[in-house]
Amino acid sequence: MVTGAGGALGSELVARLTPPDAPSAGWASGGVVAVTRAELDVTDPVAVRDAVHGGLGSGDGPAVLLNASAFTAVDRAETDPEAAADAWAVNAEAPGLLAAACAEVGATMVHVSTDYVLGPLPGGARRPLEPDDPVGPEGVYARSKLAGEERVRAALPGAHQIVRTAWVYGPTGANFVRTIARLARERDTLTVVDDQHGSPTWAGDLADGLLALARSAAPPGTRHAAGGGATTWCGLARAVLEEMGADPSRVRPCDTASFPRPAPRPAWSVLSDASWRAAGLAPLPPWRDALHAAVVRHPDLLPD
Ligand SMILES: NC(=O)c1ccc[n+]([C@@H]2O[C@H](COP(=O)([O-])OP(=O)(O)OC[C@H]3O[C@@H](n4cnc5c(N)ncnc54)[C@H](OP(=O)(O)O)[C@@H]3O)[C@@H](O)[C@H]2O)c1
């Protein structure tokens, strides 16, 4: 079962689990039930319990639930109290509801979290971040995601897979890659933050990784999975211009202080793949190769 099936990650999970020519089948026959927000609001306790107990499929419920639903408007959560309440309901409470229902039907839950839950390393050190590095969420979104992790662990101690990722872009909706491509067509130069470091992650690669994890015998735990290597937002923007055949030097670097945003962003979000490899899983492809592959497969990421 996939929740949040209409999002960037959710749609890539669905593309892999239900190819267009696959016969429609409920989970009783080993099939997949993928639900968008319109089909299952994960904040509705009764609907969640009913859905996970088989109400949306044929049979007793899923073996594995992949939760791709989230409230991801991080700046709105910081400035709009209603959005903050939504962020808490979707990112903190709903994972607990889903996990409790999974416990009732004996399902494993694969839950996606974020680099934002992590804090700075002691002494300002800079090395790829491990799952047991100190947490230190700043802002509404970050705190809500950490609370979601905690609820999943508590409800499903023996059957959770929590995967923290970062800088995700997918084929649907607004994302950094699409925004930069649009701005590059509108302006001669762009100014982009160059002092935040992270690992851009193509949603399709993350979907492949989550499915490999779900099919593995990995013990329950919290792991990191993001595109290989690291860059800055400025570096990613320059790579987008390269993919467009444009001059990447049109992207000028600036610092975070010159581009204030409502929600704080971590300056260092580079995630280590050691926990992923230790589970016997293949690391996600290097971020730069992944960007090229994504725009070849989805040319609409770079709109005319
Ligand atoms: N995007 C990133 O840069 C990033 C970075 C690190 C971690 N993550 C994590 O990665 C996961 C996937 O994120 P994404 O990038 O795929 O986000 P996304 O594109 O915003 O997708 C989230 C999906 O969840 C749905 N949703 C929201 N509220 C819901 C509700 N009450 N019930 C059911 N569905 C609901 C959204 O529907 P609507 O569109 O209708 O609201 C959307 O389809 C999330 O856990 C996110 O926290 C993302």
Side-chain angles (χ1 to χ4, degrees), residues 1-15 33-48 51-52 56 65-77 82-99 109-118 129 137 139-149 151-152 161-179 196 198-207 209-210 222-227 233 236 261 263 265-266 269-271 284 287 294:
M1 179 172 181
V2 180
T3 51
L9 171 62
S11 59
E12 286 295 291
L13 285 168
V14 170
V33 172
V35 281
T36 63
R37 179 187 194 146
E39 291 156 331
L40 176 64
D41 177 348
V42 294
T43 66
D44 179 337
V46 175
V48 163
V52 176
L56 291 171
L65 186 146
L66 294 129
N67 180 28
S69 67
F71 182 99
T72 55
V74 296
D75 287 325
R76 210 148 50 76
E82 255 182 55
D86 280 353
W88 191 260
V90 180
N91 295 342
E93 290 172 357
L97 298 176
L98 291 164
M109 178 166 166
V110 179
H111 178 65
V112 183
S113 189
T114 167
D115 55 302
Y116 276 46
V117 303
L118 293 159
L129 299 165
V140 172
Y141 169 79
R143 285 193 293 274
S144 72
K145 290 295 292 185
L146 181 60
E149 286 189 8
R151 289 174 194 215
V152 171
Q161 299 291 358
I162 294 172
V163 178
R164 296 187 189 133
T165 190
W167 293 25
V168 178
Y169 60 99
T172 61
N175 60 48
F176 181 85
V177 170
R178 195 169 267 132
T179 300
Q196 291 172 24
S199 310
T201 305
W202 166 241
D205 292 336
L206 179 59
L210 296 180
T222 302
R223 299 181 177 83
H224 289 174
W233 290 115
L236 177 55
R261 305 279 294 274
R265 266 78 175 161
S269 278
V270 180
L271 298 181
L284 273 52
W287 74 266

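First listed ligand is number 1; within each ligand, the first listed atom is number 1. A quick note: this is a predicted structure, and the numbers were derived from the prediction, not measured.
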Region of K145 engaging ligand 1 - heavy atom pairs below 4.0 Å: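 Looking at K145 and ligand 1, just side chain atoms fall under 4.0 Å.
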Proximity of A68 to ligand 1 by residue part, where a heavy atom lies under 4.0 Å: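 Within the 4.0 Å criterion, A68 contacts ligand 1 through backbone atoms alone.
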Euclidean distance, M109 CE relative to I162 CD1, rounded to 0.5 Å: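 I162 CD1 to M109 CE: 8.0 Å, rounded to 0.5 Å.
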Which of the atoms of ligand 1 are close to [X], meaning less than 4.0 Å from one of its heavy atoms?
X	value
A166	5 (C), 6 (C)
L40	32 (N), 33 (C)
W167	3 (O), 5 (C)
D41	30 (C), 31 (N), 32 (N)
T165	6 (C), 7 (C)
T43	31 (N)

Option of least heavy-atom distance to atom 20 (O) of ligand 1 (set: L13, L9, T72):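 It is T72 that holds the nearest heavy atom.
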Residue selection (non-hydrogen contact nearest atom 24 (O) of ligand 1) among A70, G10, G6: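 Going through A70, G10, G6 one by one, A70 has the nearest heavy atom to atom 24 (O) of ligand 1.
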Among all protein heavy atoms, pick out the one at the shortest distance from [atom]; state its residue, atom name and that distance to 0.1 Å.
atom	answer
atom 41 (O) of ligand 1	R37 NH1, 2.6 Å
atom 11 (C) of ligand 1	V112 CG1, 3.6 Å
atom 43 (O) of ligand 1	G7 N, 3.0 Å
atom 32 (N) of ligand 1	V42 N, 3.0 Å
atom 19 (O) of ligand 1	A8 N, 2.9 Å
atom 8 (N) of ligand 1	Y141 OH, 3.9 Å
atom 4 (C) of ligand 1	V168 CG2, 3.6 Å

[X] N/O to ligand 1 N/O under 3.5 Å:
X	value
T114	no
S69	no
V90	no
S113	no

Distance-minimising heavy-atom pair for A34 and V14: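 Reported closest heavy-atom pair: CB-CG2, 3.6 Å.
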Set of salt bridge (Lys or Arg N to Asp or Glu O under 4.0 Å) partners for E149, sequence neighbours left out: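 Per chain and number, E149 pairs via salt bridge (Lys or Arg N to Asp or Glu O under 4.0 Å) with R153, R164.
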Within the structure provided, determine whether [X] and [Y] are in side-chain contact (heavy-atom separation under 4.5 Å).
X	Y	value
Q161	H111	no
W287	S199	no
N91	Y141	yes
M1	L40	yes
V2	V35	no
Y116	P266	yes

Non-neighbouring partners of V112 that pass side chain to side chain contact (heavy atoms under 4.5 Å, CB included), sequence neighbours left out: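 Expected list: L9, T165, L210.
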Distance flag for atom 39 (O) of ligand 1, protein heavy atom under 4.0 Å: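 Protein heavy atom within 4.0 Å of atom 39 (O) of ligand 1: absent.
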Aromatic plane relationship, W233 with W167 - under 30° parallel, 30 to 60° tilted, over 60° perpendicular: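 It falls in the parallel class, under 30°.
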Salt bridge flag under 4.0 Å for residues D75 and R265: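 Counted as a salt bridge, because a side-chain N and a carboxylate O are separated by less than 4.0 Å.
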Residue pair L65, T3: steps toward the side chain to side chain contact (heavy atoms under 4.5 Å, CB included) verdict: CA-CA 8 Å; L65 186 146; T3 51; 4.2 Å; yes
